[in-house]
**Student:** 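Before we start, here is the structure in question, set down as structure tokens.
Numbers restart at 1 for each chain; the letters A, B, ... are given by sequence-line order, proteins then strands.
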Amino acid sequence: MDPCEGVRLVLPARSGHRHRSRSPGRSRRHLPCERRDTSVRHDRRPHIRCRRTGVLHLVDHDAAPRRCDTYRHTSRRRPHRPRRSSRSRDRGCRNPDESSGAGMTPRVRFAPSPTGYLHVGAARTALYNYLFARNNGGAFILRSDDTDKARSTDEFQEDILEHLRWLGLEWDEGFEIGGTHGSYRQSDRYDRYREVAKDLVDRGRAYYSFATAEQLDAFKREAREAGTSPAYDGSLEPSDAEVSERLASGEKAVVRFRVPRPGATEFDDIVRGDMRFEHAQVDDFVILRSDGTPTYHLASTVDDVDYAITHVIRGEDLLSSTPKHILLTEAMGADRVTYAHLSLLMGPDGKKLSKRHGDTAMAAYRETGYLPEALNNYLALLGWNIGDDETIASLDEMIDRFDLSTVSKNPAVFDPKKLEWMNGVYIREMDEAEFVAATLPLVEESVGRTLSEEDRARYAMLVPLVKERAKLLPEVASQARFLFVDIDEYDEKSWSKVMAVEEGPVALDGAIAALEDLDPWTTETIDAALRAMIEERDLSARKGFQPIRVAVSGSMVSPPLFESLEILGRDETLARIRAARSALS
RNA sequence: GGCCCCGUCGUCUAGAGGCCUAGGACGCCGCCCUCUCAAGGCGGUAGCGUGGGUUCAAAUCCCAUCGGGGCUACCA
């Protein structure tokens, strides 16, 4: 089914409304692209006021001039952006209009490490990358950052792919489907990383390091005591001559990047604004391990450069590593990318969301009966708002309106209650065919057999009734189950509350009498007959109908009674009521 | 400890000095509808962390403070 068609209830077609409250001339944090023109820099020195921090932004510190305007096309500045049909499924694919200006489309990547299952936080990062790419007509690339051999597994890799597909976040290029840039799996590219590392060493930008963990610990401890920066600055390394000697004798060494000090790296993060990191606080970090494999910093940066990534949208946990990546990028002679660091997802206790908060794996949500549309919608809202006080929006609508620069900087607490509510909204919005396709297997599993043609027809009749009543898919099975199984036991609480009371037998006897010769057997005639019955026996609707409900469904919670009886059929209905009646005496 | 990020109802958020008596959504509570449970309708609860400033006016600007989080690996 088209994942975009699930929900269509809110957000009638309209456009331009997002501009409503923001005057077009209001300054934004990101400079117009004239700044690319270095010739005017000195006399123009455009600086604008950051709306978040009030800080002045100087053009000189801005990232990647060549790339500066790519994301700006998403902004409210665009005078009018016609809303595209929700059915255009390949909307993401190159809209020439949107890449005007720089003449290049944004390329973003989602680069999980297969060291764990796809969890909700990673899924949100993937989603934001996807929304950004589609909104800009750019490319969404999937890469596997599997440089941690010890912890990476094929099982995790498959889980990530599987659930990305399930969510409908189709990638244009990358892992499994390939693309124009070779392998998208880092473990295939070790030679390339070594080559870069060697080049860096040759050019003096990196060096072989023999410092041991113990030495480094001592260094940091002393720095702390002395009140100086604990960032390793290479001061423990032997002389050049000794390095050559030890290397020649076959001694293993790591390769560290030589961070230029003093100095600082500044960049303008799309979500967090101006950032500045003093190099004194940045370690001479390891880029190549002693076994010759690359670390994350190297592999990730090299790939971002090699694959012409323009925007890196990732979790805030990598924010303080960003200067390392920028330094590496520039040491490679490449233009830096634009960064956007997303706040982290938290558990109800305010700590970073993790396993100890319960299930965080996408697989678990899928199994629990969540719809991908609901997950996407909910995850998108964690840190971003659609606008106009709207809460429900399809993927297409979110693509239309997505704007990275309005993403919240606050960490967001994941609230399962709201997700559940939203899932109910999406379930109610499913059309019946979709709904049957999604729930029939669950019903069959619950019933313990494959449903016959006839059973399926009866299920179809029940569908409109149960579809309104479920927040999670499996609830449907427990509500529909009574149609297909014998009632050999009754819910204990239900029995004692409505059956084993004075009105129980009265209602059942009355129902038998009223229904025995009823013709025709329809919801309307059943309704009329049973209402006449309770009237006659002086029973309230509750007292009169609940015993019947328990008799036919086994529980005092079920789909609406008269409809259920019609679908069940007269014979089965009467048999069940009689069985319950005799169990009562 | 150091560096960095973040503080509006319980939660996600709107908010760009007067449109704020702070809006929406989830949750919770109540009422209506009602054969149960939902859904739906209506109403309610609840928030600008604190203290100073600037200003005729501050959720919004400044400073401090407190609180939460991240990083500080030959993990990513």
Side-chain angles (χ1 to χ4, degrees), chain A residues 21-23 26-27 49 51-52 54 111-113 115-116 145-148 150-151 209 213 216 220-221 223-225 227-231 252-256 269 272 275-278 280-283 285-291 293 295-297 299-300 314-322 341 343-344 346 348 350-352 378 381-385 387-392 408-415 417-422 424 428 465-471 475 479 494 498 527 530-531 534 540-546 548-550 553 555-562:
Chain A
S21 64
R22 312 209 180 204
S23 53
R26 192 174 290 168
S27 26
R49 198 158 189 204
R51 94 175 204 250
R52 292 182 206 269
S113 303
T115 55
D145 280 13
D146 59 345
T147 52
D148 184 346
R151 296 194 303 147
S209 166
L216 258 15
K220 285 171 196 292
R221 200 173 335 112
R224 181 178 302 192
E225 282 160 13
T228 57
S229 169
K252 296 275 190 214
V254 299
V255 175
R256 287 181 188 275
D269 188 287
R272 320 204 83 86
M275 303 296 326
R276 175 187 171 91
F277 289 87
E278 293 292 337
Q281 301 296 335
V282 180
D283 276 299
F285 54 102
V286 174
I287 59 176
L288 215 55
R289 302 185 185 107
S290 53
D291 66 357
T293 61
T295 60
Y296 167 78
H297 302 301
S300 174
R314 49 150 58 158
E316 192 193 338
D317 50 344
L318 263 356
L319 184 58
S320 44
S321 296
T322 304
H341 286 93
S343 61
L344 268 13
M346 306 297 201
K351 306 283 183 199
K352 187 175 164 182
Y378 179 70
L381 251 35
L382 249 26
W384 177 65
N385 74 92
D388 281 356
D389 288 339
E390 305 277 11
T391 304
I392 303 293
S408 170
K409 293 190 279 191
N410 307 6
V413 174
F414 186 86
D415 178 12
K417 273 293 199 8
K418 189 162 185 174
L419 206 211
E420 200 171 281
W421 162 78
M422 196 171 276
R428 289 192 292 280
L465 271 23
V466 293
K467 194 158 75 77
E468 308 302 314
R469 299 179 151 67
K471 283 198 165 83
E475 291 171 9
Q479 288 178 33
S494 299
V498 310
D527 186 331
L530 290 180
R531 283 188 197 283
I534 59 170
S540 66
R542 186 186 220 90
K543 292 285 188 186
F545 297 152
Q546 283 298 73
I548 304 173
R549 184 189 309 282
V550 174
S553 76
S555 158
M556 56 185 187
V557 177
S558 85
L561 186 60
F562 312 131

**Student:** If you check every side-chain atom of A:Asp317, which of B:rC5, B:rC6, B:rG70 has the closest atom?
**Tutor:**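 For the A:Asp317 side chain, the nearest candidate turns out to be B:rG70.
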
**Student:** Atom CD1 of A:Ile392 and atom P of B:rG24: how far apart are they, to the nearest Å?
**Tutor:**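 Those two atoms, CD1 and P, are 17 Å apart.
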
**Student:** Please confirm whether any donor atom in the side chain of A:Arg542 sits under 3.5 Å from an acceptor in the base of B:rC35, or the reverse.
**Tutor:**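 Counting by modelled atom types and ignoring angles, no donor-acceptor contact under 3.5 Å is found here.
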
**Student:** Determine whether A:Lys418 and A:Leu382 make a side-chain contact, defined as any pair of heavy atoms from C-beta on separated by less than 4.5 Å.
**Tutor:**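 Contact flag for A:Lys418/A:Leu382 side chains = no.
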
**Student:** Pick the nucleotide of RNA chain B nearest each of A:Leu381 and A:Trp421; which residue has the one closer to the 5' end?
**Tutor:**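 Taking each residue's closest nucleotide, the earlier one in sequence belongs to A:Leu381.
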
**Student:** Within the structure provided, determine whether A:Ser343 and A:Lys409 are in side-chain contact (heavy-atom separation under 4.5 Å).
**Tutor:**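 No. Closest side-chain heavy atoms not under 4.5 Å.
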
**Student:** Choose from B:rU11, B:rU36, B:rA76 the nucleotide whose nearest atom is closest to any side-chain atom of A:Gln546.
**Tutor:**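 My answer, after comparing the listed nucleotides, is B:rU36.
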
**Student:** I'd like the C1' distance from B:rC74 over to B:rU65, given in whole Å.
**Tutor:**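 About 41 Å, rounded to a whole number of Å.
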
**Student:** By the 4.0 Å heavy-atom rule, please label A:Phe562 as base, sugar-phosphate, or nothing.
**Tutor:**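 If one applies the 4.0 Å heavy-atom cut-off, A:Phe562 turns out to touch a base.
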
**Student:** Does the structure show a Watson-Crick or G-U wobble partner for B:rC71, both distances under 3.5 Å? Name it, or say none.
**Tutor:**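 Pairing partner, where one exists within any strand: B:rG2.
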
**Student:** Please round to the nearest 0.5 Å and tell me the distance separating atom CE of A:Met275 and atom CG of A:Leu319.
**Tutor:**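 Nearest 0.5 Å value for the CE-CG distance: 4.5 Å.
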
**Student:** Provide the Watson-Crick or G-U wobble partner of B:rC35, both distances under 3.5 Å; none if there is no partner.
**Tutor:**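 Across any shown strand, B:rC35 pairs with none.
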
**Student:** Identify which nucleotide among B:rU36, B:rC12, B:rG70 has an atom closest to any side-chain atom of A:Ser320, counting heavy atoms from C-beta outward.
**Tutor:**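 For the A:Ser320 side chain, the nearest candidate turns out to be B:rG70.
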
**Student:** When you check the phosphate oxygens OP1 and OP2 of B:rA39, does a side-chain N or O of A:Lys471 lie under 4.0 Å from one of them?
**Tutor:**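 Checking A:Lys471 against B:rA39: at least one side-chain N or O falls below 4.0 Å of OP1 or OP2.
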
**Student:** What nucleotide among B:rU72, B:rC74, B:rC12 has an atom nearest to a side-chain atom of A:Leu382?
**Tutor:**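 Ranking B:rU72, B:rC74, B:rC12 by closest atom to the A:Leu382 side chain puts B:rC12 first.
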
**Student:** Of all the choices, B:rG70, B:rU72, B:rC4, which nucleotide is nearest to the side chain of A:Lys352 once you look at every atom?
**Tutor:**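 Nearest listed nucleotide: B:rG70.
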
**Student:** If you check the A:Lys220 side chain, which of B:rC12, B:rU72, B:rU36 turns out closest?
**Tutor:**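 Side chain of A:Lys220 sits closest to B:rU72.
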
**Student:** When the distance from CE of A:Met422 to C1' of B:rA25 is rounded to whole Å, what number comes out?
**Tutor:**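 So the CE-C1' distance, A:Met422 to B:rA25, works out to 8 Å.
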
**Student:** Would you please confirm or rule out a distance under 4.0 Å between OP1 or OP2 of B:rC4 and any side-chain N or O of A:Arg276?
**Tutor:**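 Answer no for this pair, as no side-chain N or O of A:Arg276 is under 4.0 Å from OP1 or OP2.
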
**Student:** For A:Asn410 and B:rC6, is the shortest distance between a side-chain N/O and OP1 or OP2 below 4.0 Å?
**Tutor:**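 No, no such contact exists.
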
**Student:** Can you tell me how far apart CG (A:Leu381) and CE (A:Met422) are? Round to the nearest 0.5 Å.
**Tutor:**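 It is 5.0 Å, given to the nearest 0.5 Å.
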
**Student:** Under 4.0 Å between any heavy atoms, over every strand shown, what does A:Pro560 touch: base, sugar-phosphate, or nothing? Just pick one.
**Tutor:**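 Base, at least one base heavy atom under 4.0 Å.
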
**Student:** Under 4.0 Å, heavy atoms only, any strand: does A:Ser558 hit a base, just the sugar-phosphate, or nothing?
**Tutor:**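 If one applies the 4.0 Å heavy-atom cut-off, A:Ser558 turns out to touch a base.
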
**Student:** Would you please confirm or rule out a distance under 4.0 Å between OP1 or OP2 of B:rA25 and any side-chain N or O of A:Lys418?
**Tutor:**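 For B:rA25, neither OP1 nor OP2 has a side-chain N or O of A:Lys418 closer than 4.0 Å.
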
**Student:** Regarding A:Leu419, tell me which of base, sugar-phosphate or nothing describes its non-hydrogen contacts under 4.0 Å with the strands shown.
**Tutor:**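 Nothing: the residue A:Leu419, judged by heavy atoms under 4.0 Å, touches no strand.
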
**Student:** Indicate yes or no for a side-chain donor-acceptor contact from A:Ser290 to the backbone of A:Lys252 under 3.5 Å, with no hydrogens or angles considered.
**Tutor:**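 No, A:Ser290 side chain to A:Lys252 backbone: no donor-acceptor pair under 3.5 Å.
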
**Student:** Check this one for me: any side-chain N or O of A:Arg151 less than 4.0 Å away from OP1 or OP2 of B:rA76?
**Tutor:**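 A:Arg151 to B:rA76 OP1/OP2: no side-chain N or O under 4.0 Å.
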
**Student:** Would you call A:Lys220 and A:Asp283 a salt bridge, using N to O less than 4.0 angstrom?
**Tutor:**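 Result for this pair is yes, salt bridge flagged.
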
**Student:** Have a look at A:Val254 and say if it touches a base, only the backbone sugar-phosphate, or nothing, with a 4.0 Å heavy-atom cut-off.
**Tutor:**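 The answer is base, as A:Val254 lies within the cut-off (heavy atoms under 4.0 Å) of a base atom.
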
**Student:** For nucleotides B:rA58 and B:rG49, find the distance between their P atoms and express it as a whole number of Å.
**Tutor:**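 Roughly 16 Å separates the two P atoms.
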
**Student:** Heavy atoms under 4.0 Å, any strand shown: does A:Pro348 hit a base, just sugar-phosphate, or nothing?
**Tutor:**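 It contacts nothing in the nucleic acid.
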
**Student:** If you only use heavy atoms from C-beta on, which nucleotide in B:rG2, B:rC4, B:rU36 is closest to the side chain of A:Gln281?
**Tutor:**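 My answer, after comparing the listed nucleotides, is B:rG2.
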
**Student:** Students often get this wrong, so: under 4.0 angstrom with heavy atoms, is A:His341 touching a base, only sugar-phosphate, or nothing?
**Tutor:**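 No contact.
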
**Student:** Rounding to the closest angstrom, what is the interatomic distance between B:rC62 and B:rC5 at atom P?
**Tutor:**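 To the nearest whole Å, 14 Å.
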
**Student:** Can you check the distance between B:rU11 and B:rG53, where both ends of the measurement are the C1' atom (answer in whole Å)?
**Tutor:**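 So the two C1' atoms sit 33 Å from each other.
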
**Student:** Would you say a side-chain N or O of A:Ser343 is under 4.0 Å from OP1 or OP2 of B:rC5?
**Tutor:**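 For B:rC5, OP1/OP2 do not have a side-chain N/O of A:Ser343 under 4.0 Å.
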
**Student:** Determine which nucleotide pairs with B:rU50, using a 3.5 Å limit on both distances of a Watson-Crick or G-U wobble pair.
**Tutor:**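 Base-paired to B:rA64.
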
**Student:** Taking the C1' atom of each, how far is B:rG15 from B:rA22, in whole Å?
**Tutor:**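 So the two C1' atoms sit 8 Å from each other.
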
**Student:** Name the nucleic acid region contacted by A:Ser321, choosing base, sugar-phosphate or nothing; use a 4.0 angstrom heavy-atom cut-off, strictly under.
**Tutor:**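 If one applies the 4.0 Å heavy-atom cut-off, A:Ser321 turns out to touch a base.
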
**Student:** According to the Watson-Crick and G-U wobble definitions, with both distances under 3.5 Å, which nucleotide is paired to B:rC28?
**Tutor:**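 Base-paired to B:rG44.
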
**Student:** Measuring from A:Lys471:NZ to A:Lys417:NZ, what's the distance to the nearest 0.5 Å?
**Tutor:**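 Output value for this atom pair is 9.0 Å.
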
**Student:** A:Arg428 near the nucleic acid: base, sugar-phosphate alone, or nothing, with a heavy-atom cut-off under 4.0 Å?
**Tutor:**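 Here A:Arg428 touches the backbone only, sparing every base.
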
**Student:** Kindly indicate whether the side chain of A:Arg469 and the base of B:rC37 share any N or O donor-acceptor pair separated by less than 3.5 Å?
**Tutor:**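 Present.
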
**Student:** Mind checking if A:Arg224 touches a base, just sugar-phosphate, or nothing, with heavy atoms under 4.0 Å?
**Tutor:**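 Base contact.
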
**Student:** Base, sugar-phosphate, or nothing for A:Gly227, non-hydrogen atoms under 4.0 angstrom?
**Tutor:**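 Nothing, no heavy atom under 4.0 Å.
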
**Student:** In whole Å, what separates the P atom of B:rG43 from that of B:rC48?
**Tutor:**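 Per the computed distance, 25 Å lies between those P atoms.
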
**Student:** Just checking A:Thr115: base, sugar-phosphate only, or nothing, at a heavy-atom cut-off of under 4.0 Å?
**Tutor:**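 Contact class for A:Thr115: none.
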
**Student:** With a 4.0 Å cut-off on heavy atoms, is A:Leu344 in touch with a base, just the backbone sugar-phosphate, or nothing at all?
**Tutor:**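 Since only primed, P, OP1 and OP2 atoms lie under 4.0 Å of A:Leu344, the category is sugar-phosphate.
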
**Student:** How about A:Arg531 and A:Phe545: do any of their side-chain heavy atoms sit closer than 4.5 Å?
**Tutor:**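 They are in contact (side-chain heavy atoms under 4.5 Å apart), so the answer is yes.
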
**Student:** Want to settle it: does A:Leu288 or A:Asp415 sit nearer the 5' end of RNA chain B, counting the closest nucleotide to each?
**Tutor:**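 So the residue in question is A:Asp415.
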
**Student:** What is the distance, rounded to the nearest whole Å, between atom CD of A:Glu420 and atom C1' of B:rA25?
**Tutor:**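 After rounding, the gap between these two atoms is 16 Å.
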
**Student:** Provide the distance between the two P atoms, one in B:rC29 and one in B:rG67, to the nearest whole Å.
**Tutor:**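 Pairwise P distance, B:rC29 against B:rG67, rounds to 34 Å.
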
**Student:** Using the C1' atoms only, state how far B:rA14 lies from B:rC9, rounded to an integer number of Å.
**Tutor:**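 Pairwise C1' distance, B:rC9 against B:rA14, rounds to 13 Å.
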
**Student:** Within the structure shown, what part of the strands sits under 4.0 Å from A:Met346 by heavy-atom distance: base, sugar-phosphate, or nothing?
**Tutor:**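 Sugar-phosphate contact only.
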
**Student:** Please round to the nearest 0.5 Å and tell me the distance separating atom NZ of A:Lys467 and atom CD of A:Gln479.
**Tutor:**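 Nearest 0.5 Å value for the NZ-CD distance: 13.0 Å.
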
